[in-house]
Novice: 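Attaching a single structure in structure tokens format; questions to follow.
Fair warning: this is a prediction, and the values are worked out from it, not measured in the lab. By convention here, the first residue in the shown sequence is residue 1. Whatever order the structure lists ligands and atoms in, that order sets their numbers, starting from 1.
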Amino acid sequence: MRPAPTKSLPAITTEEPYRPNAHTKLLEMKEEGKENDKVETQEVDNLPPELLIKHPLQNMWTLWFFKNDKSKQWEENLCEVTSFDTVEDFWALYNHIETASNLQTGCDYAMFKYGIKPMWEDSRNKKGGRWLISLNKQQRATELDNFWLETLLCMIGEAFDEYSDDICGAVVNIRPKGDKIGIWTADLTKSDGIVMIGKKLKERLNIPPKFGIGFQAHVDTMTKAGSVAKNRFTV
Ligand code: MGP
């Protein structure tokens with residue numbers, strides 16, 4: 001496994017070729033879609049330098065897949081797929097795997113910062129919680145894939161500014177009763193960051209202001225009596 005990348009993106013100086021930052025590049029590649037595939041047919045020697053350099057992300061991320069096999073313990077069903085730390089490797093992975101809406105019910109995807117397991121017990125999760133977006137059954141066809149992709153782009157593009165360090169990862173649960181997306185943060189006591197992250201997520205996902213979303217502590221979810229743990233914050 002490669003070591004985690006350094007925190008800051010390399011500075012752009014006049015000696016270097018123009019290099020859009022990772023966030024701009026993520027959006028460009030989202031717009032262009034398959035356009036980049038054409039590059040493979042050109043002579044590599046003729047390519048301008050900006051097409052040969054991968055755009056580093058601020059963090060390395062790991063994709064996890066969960067398949068519900070009831071004969072096994074919960075953690076045994078969790079499978080680490082791969083890690084990436086560039087914009088291009090993110091899109092290569094995203095375009096290669098099944099969309100969330102096409103997974104079997106009972107399955108999850110999770111994308112977490114490298115080194116954090118997508119479980120309450122991980123030392124970087126256990127004092128934290130999650131913003132939870134609960135979808136109705138119809139929204140699997142209309143919203144789920146867009147919401148999940150936008151959540152991933154927010155995380156890997158560090159859209160939460162100075163609070164991006166509080167992000168641990170995100171999970172999408174495919175469930176017969178309604179799918180869920182959770183974005184996990186590290187520390188329940190960091191209320192400013194939690195609220196900012198929730199507001200930003202709603203804005204980026206285009207969730208209308210009148211639809212509230214709730215933040216639950218993992219410690220409450222772990223021990224909940226009913227089907228939903230109480231909300232510690234709402235936006
Ligand atoms: P779930 O998969 O998060 O949600 O948790 P689901 O299936 O919608 O169920 P609901 O209870 O939210 O309605 C299902 C079960 O998986 C939990 O009750 C736990 O038994 C187990 N589980 C889920 N997570 C995220 C963890 C975890 O982080 N650690 C452990 N040990 N078990 C977990």
Novice: Do we see a donor-acceptor contact under 3.5 Å between the side chains of Glu158 and Asn59?
Specialist: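 The criterion, which ignores hydrogens and geometry beyond distance, is satisfied for Asn59 and Glu158.
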Novice: Present, as a list of atom pairs with distances to 0.1 Å, all nitrogen or oxygen contacts under 3.5 Å between ligand 1 and the protein.
Specialist:
from: ligand 1; atom 1: 2 (O); to: Arg175; atom 2: NH2; distance (Å): 2.8
from: ligand 1; atom 1: 4 (O); to: Lys180; atom 2: NZ; distance (Å): 3.3
from: ligand 1; atom 1: 7 (O); to: Arg175; atom 2: NE; distance (Å): 2.7
from: ligand 1; atom 1: 8 (O); to: Arg175; atom 2: NE; distance (Å): 3.4
from: ligand 1; atom 1: 8 (O); to: Lys177; atom 2: NZ; distance (Å): 3.2
from: ligand 1; atom 1: 8 (O); to: Lys180; atom 2: NZ; distance (Å): 2.6
from: ligand 1; atom 1: 11 (O); to: Lys224; atom 2: NZ; distance (Å): 3.2
from: ligand 1; atom 1: 12 (O); to: Lys180; atom 2: NZ; distance (Å): 3.1
from: ligand 1; atom 1: 12 (O); to: Lys224; atom 2: NZ; distance (Å): 3.0
from: ligand 1; atom 1: 13 (O); to: Lys177; atom 2: NZ; distance (Å): 2.5
from: ligand 1; atom 1: 16 (O); to: Trp74; atom 2: NE1; distance (Å): 3.4
from: ligand 1; atom 1: 22 (N); to: Trp74; atom 2: NE1; distance (Å): 3.3
from: ligand 1; atom 1: 28 (O); to: Trp120; atom 2: N; distance (Å): 2.7
from: ligand 1; atom 1: 29 (N); to: Glu121; atom 2: OE1; distance (Å): 3.0
from: ligand 1; atom 1: 29 (N); to: Glu121; atom 2: OE2; distance (Å): 3.2
from: ligand 1; atom 1: 31 (N); to: Glu121; atom 2: OE2; distance (Å): 2.6

Novice: Would you call the rings of Trp131 and Phe215 parallel, tilted or perpendicular, where under 30° means parallel and over 60° means perpendicular?
Specialist: perpendicular
Novice: Hey, are Arg232 and Asp220 close enough for a salt bridge, meaning a charged N less than 4.0 Å from a carboxylate O?
Specialist: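 Looking at Asp220 together with Arg232, the answer is yes, because their closest N to O distance falls below 4.0 Å.
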Novice: Can you classify the ring geometry of Trp184 versus Phe112 as parallel (below 30°), tilted (30 to 60°) or perpendicular (above 60°)?
Specialist: perpendicular
Novice: Identify whether the distance between the nearest side-chain nitrogen and carboxylate oxygen of Arg204 and Glu150 falls below 4.0 Å.
Specialist: yes
Novice: Are the charged groups of Asp85 and Lys113 less than 4.0 angstrom apart, N to O?
Specialist: no
